[in-house]
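In each ligand, atom 1 is the first atom listed, and ligand 1 is the first ligand listed.
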Amino acid sequence: MLLDRLGRPLSDLRLSVTDRCNFRCPYCMPRGAPGSSSFLPRKEILSFEELTLVARVFRELGVRKIRLTGGEPLLRRDLPRLVERLRALDVELALTTNGVLLPRFARELRQAGLDRVTVSLDALDGQVFQAMSDAPGFGPADVLAGIEAAERAGFTVLKINCVVRRGVNDSEVPRLIERFAHTPHVLRFIEYMDVGTQNGWRRSEVLPTAELQRKLEELGELIPLPRERASDVAEEYQFRGARLGFISSVSAPFCGSCSRARVAADGGLFGCLFGPRLVDLKPILRGSADSERELADTIARYWRARADRYSEERSKQRRLPLAWGARAEMSRLGG
Ligand code: SAM
Ligand code: SF4
Ligand code: SF4
């Protein structure tokens with residue numbers, strides 16, 4: 001098992017397949033910000049062959065779970081073909097999506113061997129949805145249609161991700177709970193994070209889990225559920241017939257068990273959502289005579305040196321640590 005400097009194993013990989021998106025969620029890729037209109041040229045994006053090789057090397061180094069993400073991963077052409085290739089690696093394969101393209105792709109993805117789907121949905125009210133997701137032409141009904149398509153395709157238990165911003169969509173929480181009560185899905189509330197450099201994050205917009213839970217307890221009892229795996233980032237509860245998860249990345253960071261590596265669509269390797277780009281895998285993929293071995297050496301060296309714990313550091317300081325020069329956007333790293 002490959003351990004980093006803080007004793008954390010490498011067990012998870014987030015693989016971003018595109019930096020493009022059909023939404024402009026202001027908390028991730030705000031419209032008008034440089035990263036919302038200029039995207040990587042096609043030749044900079046890793047091909048399916050390259051992504052598969054990267055995934056195979058991570059598998060050999062201990063990764064057992066790979067999540068495809070973006071940008072919006074369903075914008076990557078022929079994504080089910082990539083899923084077919086990755087299925088051969090014997091890892092759990094998951095996808096995070098904003099959901100609106102699932103009616104088109106859910107069945108094909110399932111047939112290709114995708115195991116799990118996470119759908120992001122921040123509001124059921126149309127106006128609040130637009131304030132959270134800035135997605136002209138799409139609305140909550142499109143995401144719900146995506147969720148239904150995923151259910152029909154055989155993804156029986158979904159994770160539904162809701163980023164909560166105080167004063168923007170916190171009023172939607174009870175409606176969302178009601179919508180997903182008496183379904184097998186897990187509705188997860190995520191504290192708004194200071195990822196990237198463009199979202200103008202302010203701590204005052206974070207609704208800490210403890211405060212959200214206090215509000216919910218006025219409506220019913222939160223019954224804690226056991227954690228399924230040590231690496232689970234959400235604390236789960238049963239609440240009025242719904243299964244809820246809380247991801248307290250700001251108020252109760254979980255860096256101590258963070259076992260995720262992230263590879264951006266252009267092959268940049270990151271040890272932390274908030275960290276600098278450490279290594280570029282693309283020159284190795286495209287220039288080395290023995291890419292597989294060199295990738296394995298590079299990734300192993302990088303993981304052994306890893307000591308990132310940004311969120312824990314943030315919680316100890318009243319001010320944010322200085323933004324690191326090469327800090328990447330969430331839309332490049334995929335969450
Ligand atoms: N486009 C896909 C989607 O939205 O599901 C996948 C990529 S998106 C970057 C992955 C996840 O990151 C989403 O669930 C999104 O809500 C979350 N996310 C993005 N920016 C965030 C922020 N500032 N704080 C917390 N979560 C964030
Ligand atoms: Fe796109 Fe997902 Fe970022 Fe929203 S959170 S802008 S859907 S990548
Ligand atoms: Fe992992 Fe970095 Fe998030 Fe901590 S801040 S949990 S190290 S990604």
Side-chain angles (χ1 to χ4, degrees), residues 4-6 8 10 12 14-31 33 35-36 39 67-76 94-102 117-123 129 132-135 138 142-143 146 158-165 168-169 188-202 205-207 231 233-234 245 247-250 252-262 264-265 270-276 306-315 321 324 327-335:
D4 73 3
R5 268 165 54 200
L6 304 180
R8 299 169 296 187
L10 170 61
D12 262 82
R14 298 268 156 132
L15 210 46
S16 174
V17 295
T18 179
D19 61 336
R20 290 168 188 268
C21 191
N22 41 6
F23 285 17
R24 289 290 179 278
C25 306
Y27 55 77
C28 174
M29 193 195 276
R31 194 177 294 278
S36 72
F39 298 101
R67 179 171 294 278
L68 300 176
T69 176
E72 173 45 47
L74 296 182
L75 290 180
R76 178 77 190 249
L95 170 87
T96 303
T97 170
N98 63 32
V100 297
L101 293 173
L102 277 173
V117 174
T118 297
V119 180
S120 303
L121 175 61
D122 300 329
F129 179 88
M132 287 300 288
S133 298
D134 187 2
F138 298 110
D142 298 299
V143 183
L158 301 171
K159 286 179 186 163
I160 314 290
N161 277 357
C162 170
V163 175
V164 184
R165 289 181 80 173
V168 184
N169 70 331
R188 309 191 316 165
F189 298 111
I190 305 176
E191 287 177 353
Y192 173 37
M193 290 188 285
D194 52 324
V195 279
T197 57
Q198 302 181 347
N199 63 10
W201 183 85
R202 283 177 299 157
E205 279 191 53
V206 179
L207 184 61
S231 61
V233 295
I247 303 185
S248 317
S249 348
V250 178
F254 35 80
C255 302
S257 59
C258 180
S259 53
R260 285 181 191 163
R262 296 175 158 88
F270 293 80
C272 173
L273 255 184
F274 303 89
R306 175 182 186 254
D308 301 283
R309 41 191 288 278
Y310 173 90
S311 290
E312 285 182 356
E313 283 164 4
R314 181 222 292 114
S315 67
W324 296 332
R327 190 161 150 170
E329 300 307 321
M330 187 74 146
S331 54
R332 290 260 160 108
L333 288 187

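The shortest distance between side-chain heavy atoms of Tyr192 and Leu207 does not fall below 4.5 Å.
Under a 4.0 Å heavy-atom criterion, Gly71 is in contact with ligand 2.
Here the closest non-hydrogen pair linking Arg165 and Pro26 is NH1-CB, 3.9 Å. The shortest heavy-atom contact between Leu6 and Arg309 is CD1-CD, 3.7 Å. Between Leu68 and Val17, the shortest heavy-atom contact is CD2-CG1, 4.2 Å. When all heavy atoms are compared, the tightest approach of Val195 to Tyr27 is CG2-O, 4.5 Å. Residues Met29 and Asp19 come closest through the heavy atom pair CE-O, 3.5 Å. Listed here is the closest heavy atom pair of Leu10 and Ala261: CD1-CB, 3.8 Å.
At the top of the distance list for atom 8 (S) of ligand 3, counting protein heavy atoms only, stands Leu273 N, 3.3 Å. Cys255 SG, 2.3 Å is the protein heavy atom nearest to atom 4 (Fe) of ligand 3. Closest protein heavy atom to atom 2 (Fe) of ligand 3: Cys272 SG, 2.3 Å. For atom 7 (S) of ligand 3, the closest heavy atom belonging to the protein is Asp308 O, 3.5 Å. Atom 1 (Fe) of ligand 3 has Cys258 SG, 2.4 Å as its closest protein atom, hydrogens excluded (heavy atom only).
Some N or O of Met193 is nearer than 3.5 Å to an N or O of ligand 1, by distance alone. Taking distance alone, with nitrogen or oxygen atoms compared against 3.5 Å, Thr96 stays at or beyond that limit from ligand 1.
When the options Gly71, Cys28, Ser120 are ranked by their closest heavy atom to atom 6 (C) of ligand 1, first place goes to Gly71.
Within ligand 1, counting atoms from 1 as listed, the ones closer than 4.0 Å to a heavy atom of Asn161 are 14 (O). The atoms of ligand 3 that sit less than 4.0 Å from any heavy atom of Phe274 are 5 (S). Applying the 4.0 Å criterion to heavy atoms of Val195 picks out, from ligand 1, the atoms 22 (C), 23 (N). Close approach to Ser311 involves these atoms of ligand 3, each under 4.0 Å from a residue heavy atom: 5 (S). The distance from ligand 1 to the heavy atoms of Val163 drops below 4.0 Å at these ligand atoms: 16 (O), 25 (C), 26 (N), 27 (C). Every atom of ligand 2 with a heavy atom of Cys25 under 4.0 Å away is listed here by number and element: 4 (Fe), 5 (S), 6 (S), 7 (S). For ligand 1, the atoms closer than 4.0 angstrom to any heavy atom of Thr69 are 6 (C), 7 (C). Within the listing of ligand 1, atoms 1 (N), 2 (C) sit less than 4.0 angstrom from a heavy atom of Glu72. Numbered from 1 in the order shown, with element, the atoms of ligand 1 that lie under 4.0 Å from a heavy atom of Glu191 read 25 (C). Close approach of ligand 1 to Asn98 (heavy-atom distance below 4.0 Å) involves ligand atoms 2 (C), 3 (C), 5 (O). With ligand atoms numbered from 1 in the order given, ligand 2 contributes 7 (S) to contacts under 4.0 Å with heavy atoms of Asn98.
Using a 4.0 Å cut-off between heavy atoms, Asn199 contacts ligand 1 through its side chain alone, with no backbone atom that close. When non-hydrogen atoms are compared, ligand 3 lies under 4.0 Å from the side chain of Arg262 (C-beta onward) but not from its backbone. The proximity of Cys21 to ligand 2, defined as any non-hydrogen pair under 4.0 Å, is limited to the side chain.
The aromatic rings of Phe274 and Tyr310 lie parallel to each other, their planes meeting at an angle below 30°, with 60° marking the opposite boundary.
The closest side-chain donor-acceptor pair between Glu72 and Thr97 falls under 3.5 angstrom. Arg8 and Ser257 form no side-chain donor-acceptor contact under 3.5 Å, judged by distance and modelled atom types alone. Donor-acceptor pairing under 3.5 Å is recorded for the side chains of Thr118 and Arg67.
Annotation: the span from Leu15 atom CG to Leu95 atom CG amounts to 11.5 Å, rounded to 0.5 Å.
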query: Yes or no on side chain to side chain contact (heavy atoms under 4.5 Å, CB included) for Asn98 and Phe138, after CA distance, side-chain angles and deciding distance?
result: CA-CA 11 Å; Asn98 63 32; Phe138 298 110; over 6 Å; no

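Cation-pi geometry between Arg262 and Phe270 is not satisfied (NZ or CZ under 6.0 Å from the ring centre, within 45° of the ring normal).
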